[in-house]
Amino acid sequence: MIICFSDDELEALVNHRYIGKYKAYRSNTKLIRNLDKVIRFIGQAVNINGVAAITSLNYERLTNCPYSSVTVGYDTKYRLIFQEHEDQVTLILIELSEHYGDH
């Protein structure tokens, strides 16, 4: 799948450059390592069904909004929120957020 980014800061985070709102994640090596795996899995998938088939990602469509999400690592509380295009080939990554608002 082709991965597009909603903003430059998120793209920088995926490329291990920590700027803007993602600067705080610089020292969270477990999160960054897990994010690398998730991005690799999404990139290797042929379509969104391929992402959903990877059970460790816990893919889910979010209710009442056009977004979906996957878990960023089984041992972290973060989820990657993204938007699927109609052709289900390109994802737009929206934000990295703490699941259920846990802090």
Side-chain angles (χ1 to χ4, degrees):
M1 296 181 78
I2 297 169
I3 299 174
C4 298
F5 298 90
S6 62
D7 62 47
D8 294 336
E9 292 176 358
L10 183 56
E11 185 173 7
L13 174 68
V14 170
N15 292 316
H16 297 248
R17 294 186 333 263
Y18 309 98
I19 60 174
K21 60 188 170 196
Y22 299 111
K23 194 179 261 188
Y25 297 121
R26 173 179 301 193
S27 62
N28 194 337
T29 56
K30 183 173 25 174
L31 171 65
I32 299 303
R33 188 175 49 244
N34 288 332
L35 181 60
D36 288 343
K37 288 178 188 176
V38 169
I39 295 298
R40 189 175 63 244
F41 288 154
I42 292 172
Q44 291 174 347
V46 175
N47 56 33
I48 199 62
N49 293 329
V51 174
I54 303 170
T55 56
S56 64
L57 293 180
N58 295 320
Y59 166 83
E60 64 178 305
R61 289 200 128 178
L62 302 178
T63 55
N64 300 323
C65 69
Y67 304 131
S68 300
S69 74
V70 293
T71 302
V72 179
Y74 68 91
D75 56 350
T76 65
K77 56 186 174 181
Y78 296 96
R79 296 187 64 83
L80 191 61
I81 311 296
F82 56 89
Q83 185 176 16
E84 304 169 27
H85 283 287
E86 291 176 11
D87 61 7
Q88 297 183 350
V89 174
T90 303
L91 299 178
I92 304 290
L93 303 178
I94 302 298
E95 66 181 334
L96 192 63
S97 65
E98 293 189 55
H99 195 40
Y100 300 122
D102 294 342
H103 295 285

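What you see is a predicted model; the values in this text were computed from it and never measured.
At least one side-chain heavy atom of Ile48 sits less than 4.5 Å from a side-chain heavy atom of Phe82. Using a 4.5 Å cut-off on side-chain heavy atoms (C-beta onward), Leu62 and Ser69 make contact.
When all heavy atoms are compared, the tightest approach of Ala45 to Gly50 is CB-C, 4.1 Å. Annotation for Val51 and Met1: closest pair CG2-SD, 3.9 Å, computed over non-hydrogen atoms.
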Between Val70 and Glu60, does the side chain to side chain contact (heavy atoms under 4.5 Å, CB included) criterion hold? Intermediate values first, please. CA-CA 7 Å; Val70 293; Glu60 64 178 305; over 6 Å; no
Step by step, work out the side chain to side chain contact (heavy atoms under 4.5 Å, CB included) result for Phe41 and Leu57. CA-CA 9 Å; Phe41 288 154; Leu57 293 180; 4.0 Å; yes
Applying side chain to side chain contact (heavy atoms under 4.5 Å, CB included), run through Lys77 and Val72 and close with a yes or a no. CA-CA 8 Å; Lys77 56 186 174 181; Val72 179; over 6 Å; no
Given salt bridge (Lys or Arg N to Asp or Glu O under 4.0 Å), test Glu84 with Arg61 step by step and report yes or no. CA-CA 10 Å; Glu84 304 169 27; Arg61 289 200 128 178; 3.0 Å; yes
Starting from the C-alpha separation in whole Å, work towards a yes-or-no answer on side chain to side chain contact (heavy atoms under 4.5 Å, CB included) for Leu31 and Arg33. CA-CA 5 Å; Leu31 171 65; Arg33 188 175 49 244; over 6 Å; no
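Note: Ile3 CD1 to Glu11 CD = 10.5 Å, rounded to the nearest 0.5 Å. To the nearest 0.5 Å, atom OH of residue Tyr18 and atom NZ of residue Lys23 are 13.0 Å apart. Rounding to the nearest 0.5 Å places OH of Tyr59 at 12.5 Å from CG of Leu80. Between the CG atom in Asn15 and the CG atom in Leu10 there is a gap of 9.5 Å [rounded to 0.5 Å]. Once rounded to the nearest 0.5 Å, the distance linking CZ of Arg79 with CG of Asn58 reads 6.0 Å. Taking OH of Tyr22 as the reference point, atom CG of Asn28 lies at 14.0 Å (rounded to 0.5 Å).
Of the possible polar contacts, none joining the Asp36 side chain to the Ile39 backbone as a donor-acceptor pair under 3.5 Å is found.
Ile32 and Ile19 fall into different hydrophobic clusters, where Ile, Leu, Val, Met, Phe, Trp and Tyr residues are linked whenever their side-chain heavy atoms come under 4.5 Å apart, directly or through other members.
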